[in-house]
Amino acid sequence: MENSQINLELTNYHHNANFSFILNPHFSELINLNKQPKTIDEPFSKDITAGKNSYVYDAHTYHTKVPPQGIKPLIEHYTNPGDVVLDPFCGSGMTGVAATELGRKALLSDLSPAAAFIAYNINTPIDPGRYLNAVNTLLNRAAQLQKKAIYHSLSRMRFRSKCFVYCLELRINL
């Protein structure tokens with residue numbers, strides 16, 4: 001698939017707007033045109049409940065975020081493992097998290113640069129070894145800073161106590 005750009009112009013609305021989209025060059029890698037879509041006999045009609053206390057949900061804030069556990073029943077009902085789930089208004093990327101956890105591929109996009117950044121980073125796998133090395137580096141640097149802070153505080157306390165003793169001696173001698 002070629003890297004194509006689509007221009008969309010909206011006029012005669014409250015605000016005129018021009019949007020430019022560049023199609024993902026890897027889109028064709030996600031789609032299997034020979035695969036038959038899932039047959040749906042009836043729409044999803046069950047109640048959905050989900051808590052807002054998972055490690056993924058609590059990773060960051062976003063004003064329209066829905067917990068992945070609340071999205072999973074819909075993905076399971078309408079798709080098969082290996083299918084592509086499209087979320088063109090992905091916001092915080094929770095649909096991508098739910099789709100990936102269920103063995104689906106996620107195609108996410110959003111006009112908001114902040115949303116695209118958050119969705120990309122919450123859905124991009126990282127190497128566990130690199131992650132642990134980064135955590136250990138951070139902890140070591142924090143320990144070094146703490147040692148410096150403690151040494152600096154003790155040095156200032158010693159200086160202050162010497163000054164205090166000297167002032168007391170002056171008062172006694174006066």
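In what follows, residues are counted from 1 in the order of the sequence shown.
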Would you give me the side-chain donor-acceptor pairs under 3.5 Å for residues 107-127, sequence neighbours excluded?
unit_1: S109; atom_1: OG; unit_2: P88; atom_2: O; d: 3.4
unit_1: D110; atom_1: OD1; unit_2: S112; atom_2: N; d: 2.9
unit_1: D110; atom_1: OD2; unit_2: C90; atom_2: N; d: 3.4
unit_1: D110; atom_1: OD2; unit_2: G91; atom_2: N; d: 2.8
unit_1: S112; atom_1: OG; unit_2: A114; atom_2: N; d: 3.3
unit_1: S112; atom_1: OG; unit_2: A115; atom_2: N; d: 3.2
unit_1: N121; atom_1: ND2; unit_2: F117; atom_2: O; d: 2.8
unit_1: N123; atom_1: OD1; unit_2: V97; atom_2: N; d: 3.0
unit_1: N123; atom_1: ND2; unit_2: G93; atom_2: O; d: 3.1
unit_1: N123; atom_1: ND2; unit_2: A119; atom_2: O; d: 2.9
unit_1: T124; atom_1: OG1; unit_2: Y120; atom_2: O; d: 2.4
unit_1: D127; atom_1: OD2; unit_2: R130; atom_2: N; d: 3.1

Item to check | Flag if over 12 foreign heavy atoms under 6.0 Å of CZ, F89 | outcome: no
Item to check | Exercise: identify the closest heavy-atom pair between A99 and A106 | outcome: CB-CB, 4.2 Å
What donor-acceptor contacts under 3.5 angstrom involve side-chain atoms of residues 68-76, with partners at least two apart or in another chain?
unit_1: K72; atom_1: NZ; unit_2: E101; atom_2: OE1; d: 2.6

Next on the checklist: I need the full list of side-chain hydrogen bond (donor to acceptor under 3.5 Å, both in side chains) pairs touching residues 86-98, with sequence neighbours left out, sorted by first then second residue.
Outcome noted: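 The answer is D87-T95.
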Would you say [X] and [Y] are hydrophobically clustered, going by side-chain heavy atoms of ILVMFWY under 4.5 Å?
X	Y	value
I48	Y57	no
L102	V85	yes
L86	I40	no

Checklist entry - Can you list every pair that meets ring-ring contact (aromatic ring centres under 6.0 Å, His included) and has a residue in residues 30-50, with sequence neighbours left out? => result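 Listed once each, the pairs are F44-H77.
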Item to check | Where at least one partner belongs to residues 92-116, residue pairs that pass ring-ring contact (aromatic ring centres under 6.0 Å, His included), sequence neighbours excluded | outcome: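 Checked against ring-ring contact (aromatic ring centres under 6.0 Å, His included) - neighbours excluded - no pair reaches residues 92-116.
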Next on the checklist: Do V84 and K105 have side chains that approach each other closer than 4.5 Å (heavy atoms only, starting at C-beta)?
Outcome noted: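 Side-chain contact under 4.5 Å: yes.
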Checklist outcome for this item: One should read off an interatomic distance between N140 CG and L145 CG, to the nearest 0.5 angstrom, of 11.0 Å
Checklist entry - When rounded to the nearest 0.5 angstrom, what is the spacing between NZ in K65 and CG in D58? => result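 Rounded to the nearest 0.5 Å, the NZ-CG separation comes to 7.0 Å.
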Item to check | Results of side chain to side chain donor-acceptor pair (under 3.5 Å) for K35 - residues two or more places apart only | outcome: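 Listed in chain order: D83.
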